[in-house]
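Computed from a predicted structure; not experimentally measured. Values below: all heavy atoms of this structure, side chains included; hydrogens, waters and symmetry mates excluded.
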Amino acid sequence: MHSRFSFILVFLYLLASASASAATKSSSVVFQVTGNVYPKGYYHVTVNIGNPPKPYWLDIDTGSDLTWLQCDVPCVKCLPAPHKPYKPNKDLVTCMDPLCKSVHWPETLDCKSPKDQCDYEVQYADHGSSLGLMVKDWFPLQYINGSVAKPRLAFGCGYNQEVHSSMDPPYTDGVLGLGLGKSSILSQLNELGITRNVVGHCLGAQGDGFLFFGNELVPSSGVVWTPMSTTEIEKHYTLGTAELYVGGKTSGIKGLRIVFDSGSTYTYFSAEAYKALVSMIMNDIKGKQLTNANDDKSLPLCWKGSKPFKSIQDVKNIFKPIMLSFAKSKYVRFQMDPEAYLIISERGNACLGILNGSEVGLENINLIGDISFHDKIIIYDNEKQQIGWAPASCKKLPNIDDDGNPDHGGLCKPYGSNLDTLQAYCAA
C-alpha cells in the first residue's frame with residue numbers, strides 16, 4: 001500500500017512537472033496597452049475576468065502588488081468607469097491565507113477566526129486609494145503560441161475608491177499590480193507555473209504600446225542590465241543609487257535611490273535633485289526665446305515660446321538629455337531625452353514632467369514614471385534579479401511567427417479575440 005501510494009505521488013509529481021515545463025516552454029503573454037501620459041495620465045490593458053469572462057480596463061502598475069477592480073458588494077463609493085463594477089462569486093480569500101499576509105506586509109495580521117475574510121486597503125502616492133476584500137476568480141490567458149491557460153487568481157474587490165482631484169473621468173476599472181510581493185498577479189502566475197517571473201512594458205511617446213509576461217519577448221541583444229537592489233525598498237523595483245547628469249554635466253547630486261514605477265505618470269526626484277535639475281535646465285535655456293508660462297497649470301513648471309509648440313520635436317533641440325549613472329554598474333546609464341521628461345500642454349507650452357517628490361511625501365525616493373519610459377522596452381526579470389532597458393518602437397506589438405516565437409519582420413498570425421482569452425494581440 002505504501003509503495004503504491006509513493007508511486008502515485010511520484011507519478012503526480014512527474015505529471016505536474018511535465019505540465020509546468022510545457023507551460024514555461026512557451027509561456028509568454030502579450031497585451032495591447034492603451035493610453036498616454038498627457039492628457040489621460042495613465043496606460044491600461046484590457047483583462048477579462050470571471051466565467052463567463054467580462055472585460056475590465058486595468059492601470060498597469062509595477063509600483064504595487066495588489067490587483068484590484070471596482071466591485072459591487074455593494075459599492076460604498078465606486079467611481080465613473082468604462083465598465084460596470086465586478087460582481088464577485090463566493091470564493092473569498094481568508095484572513096489566514098499567505099496571500100492575505102502578503103497584502104498586509106509589513107503589518108502583522110490579526111485574524112480573529114480562520115474563516116474571516118481578507119480585507120485590504122491600498123493607498124498611492126497621488127492620494128488615490130481603494131478599500132475592499134480579497135476574492136478569487138478565473139483569469140483566462142492566451143499564450144503567444146495560441147494556447148490558453150485559465151488560472152484562478154486572487155485580487156482585490158474594491159467597494160470604496162478615492163482618486164486624485166486632477167484626474168478626469170472615466171477612470172480605469174482598477175489596477176493591475178505587478179510588483180515583487182506574493183500577492184502580485186505576476187508572482188501568482190509564476191507560482192502556478194503559468195508564466196516565468198518576468199514582466200516588461202513598452203510605452204509609446206505618442207501613446208499606446210504593449211505589456212508582456214514571460215521572457216520570450218525580451219530582446220536577445222541591445223539591452224542594458226543592472227541588478228535589482230534587494231536591500232533598500234522592499235516590494236519595489238529598486239535599482240540602487242545613481243548620479244544625476246544634465247546635458248553631460250554632473251549635477252553633483254549622487255546617491256539617488258532609484259525606483260521604477262509604471263503606476264506613476266510622471267517622474268519624481270527628491271527635493272535636492274529636483275532643485276539642481278531645474279537650476280541646470282534654466283541655465284541651459286537662457287537666451288533660447290523661452291519664458292515661464294506661470295498661467296499654465298498643467299504642471300508646476302511650463303515654458304512658452306514665441307508661438308505655441310505643436311509637439312516635442314519643436315523643443316527637442318532646446319532641451320538637453322538627462323541621465324542617471326548607476327553606482328553599482330559603472331557603465332550603466334539611463335538616459336531621458338526631452339520626449340522622456342517634457343509634455344506639450346493643451347496651451348502649446350513645454351512643461352517639465354519631472355516633479356518634486358518631497359511635495360507628495362516620497363522623501364528621498366526617486367520614482368521613474370511612465371513619461372521617462374517612453375519609447376523604451378523596460379524588463380523586470382525577477383528570476384535573475386535584474387532590470388533592463390533598450391530603445392524600442394512601442395507603436396507596434398511584437399510580431400509572432402506561426403510557432404509562437406517572436407518574429408522580427410515576419411508574417412504575424414493575429415490572435416483570436418474570443419471572450420475566453422485576454423485581449424492579447426500581435427501586430428498584423
* **C118/C100 sulfur atoms closer than 2.5 Å** => yes
* To do: Decide if the gap between the ring center of F212 and the ring center of H201 is smaller than 6.0 angstrom.
  => no
* Could you walk me through whether I258 and L324 pass side chain to side chain contact (heavy atoms under 4.5 Å, CB included), step by step? => CA-CA 9 Å; I258 306 296; L324 296 169; 3.9 Å; yes
* What do you reckon, is NZ of K376 surrounded by more than 12 foreign heavy atoms closer than 6.0 Å? -> yes
* To do: Check the surroundings of atom CD in Q335: do more than 12 heavy atoms from other residues, nucleotides or ligands lie under 6.0 Å from it?
  => yes
* Does the side chain of S130 come under 3.5 Å of the side chain of Y120 through a donor N or O and an acceptor N or O? -> yes
* **F373/F260 aromatic ring centres below 6.0 Å** => yes
* Using atom types as modelled and distance alone, determine if a side-chain donor or acceptor of D173 lies under 3.5 Å from a backbone N or O of P85. => no
* Asked: Step by step, would you call I377 with W389 a side chain to side chain contact (heavy atoms under 4.5 Å, CB included)?
  -> CA-CA 5 Å; I377 187 167; W389 56 87; over 6 Å; no
* **Donor-acceptor under 3.5 Å (D97 side chain, T94 main chain)** => no
* Asked: Does F31 have its ring centroid less than 6.0 Å away from the ring centroid of F213?
  -> yes
* Asked: Would S345 and D296 count as having a side-chain donor-acceptor pair, cut-off 3.5 Å?
  -> yes
* Structure fact -> Between K77 and the options E162, Q70, Q161, the side chain to side chain donor-acceptor pair (under 3.5 Å) test singles out E162
* Looking at the rings of F139 and F155, which for Trp means the six-membered one, are their centres under 6.0 Å apart? -> yes
* Asked: Counting only heavy atoms not in E191, do more than 12 sit closer than 6.0 Å to its CD atom?
  -> no
* Side-chain touch P151/L189, heavy atoms, less than 4.5 angstrom -> yes
* Atom of A205, atom of D375 and distance for their closest heavy-atom approach -> N-OD1, 3.2 Å
* Residue of the set Q206, H374, K316 for which side chain to side chain donor-acceptor pair (under 3.5 Å) holds with E339 -> K316
* Can Y86 and D137 be counted as having a side-chain donor-acceptor contact under 3.5 angstrom? -> yes
* Between Y380 and N197, do the side chains contain an N or O donor and an N or O acceptor separated by less than 3.5 Å? -> no
* Structure fact -> Value for CE (M228) from CG (L180), rounded to nearest 0.5 Å, stands at 6.0 Å
* To do: Taking atom CD of E383 as the centre, report whether more than 12 heavy atoms of other residues, nucleotides or ligands fall under 6.0 Å from it.
  => yes
* **No-hydrogen, no-angle side-chain donor-acceptor test under 3.5 Å, D61 and S64** => yes
* Asked: Could you walk me through whether L203 and V33 pass the side chain to side chain contact (heavy atoms under 4.5 Å, CB included) check?
  -> CA-CA 8 Å; L203 307 178; V33 169; 4.0 Å; yes
* Structure fact -> Value for CG (D72) from NZ (K87), rounded to nearest 0.5 Å, stands at 5.0 Å
* Verify whether one side chain among D59 and H44 offers a donor that lies under 3.5 Å from an acceptor in the other. => no
* Spell out, as yes or no, whether a donor-acceptor pair under 3.5 Å connects the side chain of N190 to the backbone of R196. => no
